[in-house]
**Q** 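After the C-alpha cells below, expect a handful of questions from me.
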Amino acid sequence: MTEDPAAALDRAFFDRPSPEVAPDLLGRLLRCTLPTGTVELRLTEVEAYTGPDDPASHAYRGRTARNAVMFGPPGHAYVYFTYGMHFCLNLVCGPALHPGGVLLRAGRVTEGIDSARRRRPGSRRDHDLAQGPARLTVALGVDRTQDGEDVVAGPVFRLLPGTPPAPGQIRTGPRTGVAAAADTPWRFWIEGDPTVSPYRAHAPRRRAAK
DNA sequence: GGTAAGATCCGCT
DNA sequence: GCGGATCTTACCT
C-alpha cells in the first residue's frame, strides 16, 4: 500500500529500539497545532537515547516524576526542562519495559513559518528557526504542557511520512553535549542540510563564583 | 537540607 | 571562542 503523505505514521513505527527509529525519522514531517499557531517542520537531526543500558539517558536511573512518560507507551512526546530555561522534545519509542526516546534536535520549517518567526524574534535566518533542540521547541510552541501528548494521532502533534532522505544522505556521529557514552554514534542528521545544528562536544561548566 | 551539573542558547570579544 | 543566564533534578550528607 502506498504511503499517503497526509496520513499519520503507524503506531508500530515507534515500537522499536530508539537507535532504529531515529534515522527513520529524518525527513519526516512533524506538525504541531496549538492555539497560538500551527507549525510543521521536516526533521533534519535527531539523537537516540535508550534506557537502563545508556548512562546518558534520563531513563538510566529508573522512573521518576520527570521521565515517567519514557516508561509509558511508544509514540508519545517526552518534554523536559533543562539549563533553567530550555525545553527539549523527545519521541518515546521502544518495546514496553525498554524505555527509550529520540531527541528532536533540528528541523526545517515547512508550514506556519510566520508563527515560528513570531515565537523566535531573535532568529536571523529561516534555517535558524529550529536549528537546535531548544530552538525547535520554541518554534513549535512546545513546553511541559505537551509532555505525554500522543504524536501519532493526538490533537496537538501529528507525524507525517514526508520525504525521507536518500540513504546516502544520512550521517551518524557522537551525540552532542553528552558527557557519558560520547563514543556511541547515535546522532543522525541529513548531510548538507543548513538547519542541522553545529556539533558541540560536552563542556562541563564551572560553578559560578559568588 | 545543601549542592553540583545539566541532551542549551545568546551576546560579546 | 567564551561566559552568563536560570532552575530543576538527583545525589550527597
Side-chain angles (χ1 to χ4, degrees), chain A residues 14 17-19 21-23 25-26 30 41 43-71 76-94 99-109 116-148 151 171-189 194-210:
Chain A
F14 292 100
S18 56
V21 175
L25 282 168
L26 294 175
L30 180 67
L41 48 79
L43 299 175
T44 57
E45 182 188 358
V46 298
E47 275 176 6
Y49 291 83
T50 61
D53 52 336
D54 179 8
S57 172
H58 288 175
Y60 182 57
R61 290 178 173 82
R63 178 177 176 144
T64 65
R66 172 169 76 154
N67 67 19
V69 170
M70 280 189 87
F71 290 79
H76 290 249
Y78 164 49
V79 182
Y80 68 89
F81 184 67
T82 192
Y83 286 102
M85 64 196 90
H86 298 305
F87 295 100
C88 293
L89 171 62
N90 297 255
L91 306 186
V92 175
C93 48
V102 177
L103 172 67
L104 306 185
R105 291 196 54 89
R108 178 174 61 81
V109 176
R117 287 190 185 124
R118 197 160 48 243
R119 289 164 174 159
R120 289 204 16 91
S123 185
R124 308 188 71 91
R125 299 178 175 281
D126 287 348
H127 73 252
D128 327 312
L129 287 169
Q131 183 183 46
R135 293 172 174 183
L136 182 146
T137 60
V138 172
L140 290 179
V142 164
D143 59 25
R144 277 229 95 189
T145 309
Q146 282 75 45
D147 188 46
V151 173
R171 292 288 182 276
T172 73
R175 293 178 291 189
T176 301
V178 172
D183 53 335
T184 306
W186 281 353
R187 173 177 175 246
F188 302 87
W189 69 95
T195 64
V196 173
S197 61
Y199 174 75
R200 281 184 289 275
H202 175 72
R205 297 176 317 126
R206 293 190 319 207
R207 178 174 168 73
K210 182 140 92 115

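A note on names: the letters A, B, ... follow the listed sequences, proteins ahead of strands, and every chain is numbered from 1.
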**Q** Output yes when a side-chain donor or acceptor of A:Thr184 lies under 3.5 Å from a complementary backbone atom of A:Trp186, and no otherwise.
**A**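 Flag not set: sc A:Thr184 to bb A:Trp186 has no pair under 3.5 Å.
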
**Q** What is the separation between atom CG on A:Asn67 and atom P on B:dA7, rounded to the nearest whole Å?
**A**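 Spelled out: CG on A:Asn67 to P on B:dA7 is 12 Å.
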
**Q** Output all residues satisfying side-chain hydrogen bond (donor to acceptor under 3.5 Å, both in side chains) with A:Arg108, sequence neighbours left out; order by chain, then residue number.
**A**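 Result, side-chain hydrogen bond (donor to acceptor under 3.5 Å, both in side chains) vs A:Arg108: none returned.
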
**Q** So, do A:Tyr80 and B:dA7 meet the stacking rule of ring centres under 5.5 Å and planes under 30°?
**A**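 So no, this residue does not stack on that base, at least one cut-off failing.
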
**Q** Listed by chain and number, what are the salt bridge (charged side-chain N to carboxylate O under 4.0 Å, His left out) partners of A:Asp147, not counting sequence neighbours?
**A**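 Listed in chain order: A:Arg144.
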
**Q** For A:Arg171, give me all partners under salt bridge (charged side-chain N to carboxylate O under 4.0 Å, His left out), at least two apart in sequence or on another chain.
**A**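 With neighbours one apart ignored, the set is A:Glu191.
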
**Q** Which residues pass the side-chain hydrogen bond (donor to acceptor under 3.5 Å, both in side chains) test with A:Thr50, not counting sequence neighbours?
**A**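 By the side-chain hydrogen bond (donor to acceptor under 3.5 Å, both in side chains) rule, A:Thr50 matches A:Asp53.
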
**Q** Tell me whether the side-chain N/O atoms of A:His58 come closer than 4.0 Å to OP1 or OP2 in B:dA7.
**A**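 Yes, within the criterion.
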
**Q** For A:His86 and C:dT9, give me the distance from atom NE2 to atom P, rounded to whole Å.
**A**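 Rounded to whole Å, this separation is 16 Å.
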
**Q** Grab the CZ-P distance between A:Phe81 and B:dC9 for me, whole Å please.
**A**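 In whole Å, B:dC9 P lies 13 Å from A:Phe81 CZ.
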
**Q** Rounded to the Å, how far apart are A:Arg105 CZ and B:dA7 P?
**A**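 One finds 11 Å between P of B:dA7 and CZ of A:Arg105, rounded.
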
**Q** Could you list the residues that satisfy salt bridge (charged side-chain N to carboxylate O under 4.0 Å, His left out) with A:Arg61, not counting sequence neighbours?
**A**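 Residues passing salt bridge (charged side-chain N to carboxylate O under 4.0 Å, His left out) with A:Arg61: none at all.
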
**Q** Determine whether a donor-acceptor pair (N or O, by modelled atom type, separation under 3.5 Å) exists between the side chain of A:His127 and the backbone of A:Thr195.
**A**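 Flag not set: sc A:His127 to bb A:Thr195 has no pair under 3.5 Å.
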
**Q** Rounded to the Å, how far apart are A:Arg63 CZ and C:dT9 P?
**A**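 These atoms are roughly 15 Å apart.
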
**Q** Can you name the side-chain hydrogen bond (donor to acceptor under 3.5 Å, both in side chains) partners of A:His86, sequence neighbours left out?
**A**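 Result, side-chain hydrogen bond (donor to acceptor under 3.5 Å, both in side chains) vs A:His86: none returned.
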
**Q** To the nearest 0.5 angstrom, please state how far the OH atom of A:Tyr80 sits from the CG atom of A:Asn67.
**A**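 A:Tyr80 atom OH to A:Asn67 atom CG measures 12.0 Å (nearest 0.5 Å).
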
**Q** Hey, which of A:Arg135, A:Glu45, A:Arg187, A:Gln131 is the one that makes side-chain hydrogen bond (donor to acceptor under 3.5 Å, both in side chains) with A:Ser197?
**A**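 Result: among A:Arg135, A:Glu45, A:Arg187, A:Gln131, A:Glu45 is the only option passing the side-chain hydrogen bond (donor to acceptor under 3.5 Å, both in side chains) with A:Ser197.
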
**Q** Between the side chain of A:Asp54 and the main-chain N/O of A:Ala56, is any donor-acceptor distance below 3.5 Å?
**A**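 Between the backbone of A:Ala56 and the side chain of A:Asp54 there is a qualifying donor-acceptor contact (under 3.5 Å).
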
**Q** So, is A:Thr82 close to the C:dT9 phosphate, meaning a side-chain N or O under 4.0 Å from OP1 or OP2?
**A**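 No.
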
**Q** Give one of base, sugar-phosphate or nothing for A:Arg66, where a contact means two heavy atoms less than 4.0 Å apart.
**A**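 It contacts sugar-phosphate atoms only.
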
**Q** Can you sort out the partners of A:Glu47 under side-chain hydrogen bond (donor to acceptor under 3.5 Å, both in side chains), two or more places apart, ordered by chain and number?
**A**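 A:Glu47 satisfies side-chain hydrogen bond (donor to acceptor under 3.5 Å, both in side chains) with A:Tyr49, A:Thr176 only.
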
**Q** Heavy atoms from C-beta onward define the side chain here; which of B:dA7, C:dC7, B:dC9 lies closest to that of A:Met70?
**A**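 Comparing B:dA7, C:dC7, B:dC9 against the side chain of A:Met70, the answer is B:dA7.
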
**Q** Under the 5.5 Å and 30° test, is A:Tyr83 stacked on the base of C:dA5?
**A**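 So A:Tyr83 does not count as stacking on the base.
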
**Q** List the residues meeting salt bridge (charged side-chain N to carboxylate O under 4.0 Å, His left out) with A:Arg119, not counting sequence neighbours, and say none if there are none.
**A**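 Checked A:Arg119 against salt bridge (charged side-chain N to carboxylate O under 4.0 Å, His left out); zero matches.
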
**Q** In whole angstrom, give the distance that lies between atom CG of A:Leu103 and atom C1' of B:dA7.
**A**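 Roughly 5 Å, once rounded to whole Å.
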
**Q** Tabulated below should be each protein N or O lying under 3.5 Å from an N or O of nucleotides 11-13 of chain C; please produce it.
**A**
unit_1: C:dC11; atom_1: OP1; unit_2: A:Arg61; atom_2: NE; d: 2.8

**Q** Pairing of DNA chain B as dot-bracket, 5' to 3': ( ) intra-strand, [ ] crossing, | other strand, . unpaired, with Watson-Crick or G-U pairs under 3.5 Å?
**A** ||||||.|||||.

**Q** Considering only heavy atoms, which members of residues 119-139 of chain A lie under 4.0 Å from some atom of DNA chain C?
**A**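 Correct list: empty, so none.
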
**Q** Give, ordered by number, those residues of residues 140-148 of chain A having at least one heavy-atom distance below 4.0 Å to an atom of DNA chain B; if nothing qualifies, reply none.
**A**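 Nothing qualifies; none.
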
**Q** In Å and rounded to the nearest 0.5 Å, what is the CG to CZ distance from A:Leu43 to A:Arg105?
**A**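 Reported value, rounded in 0.5 Å steps: 13.0 Å.
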
**Q** Check the distance between B:dA7's P and A:Phe188's CZ and give it to me in whole angstrom.
**A**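 Result: 19 Å.
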
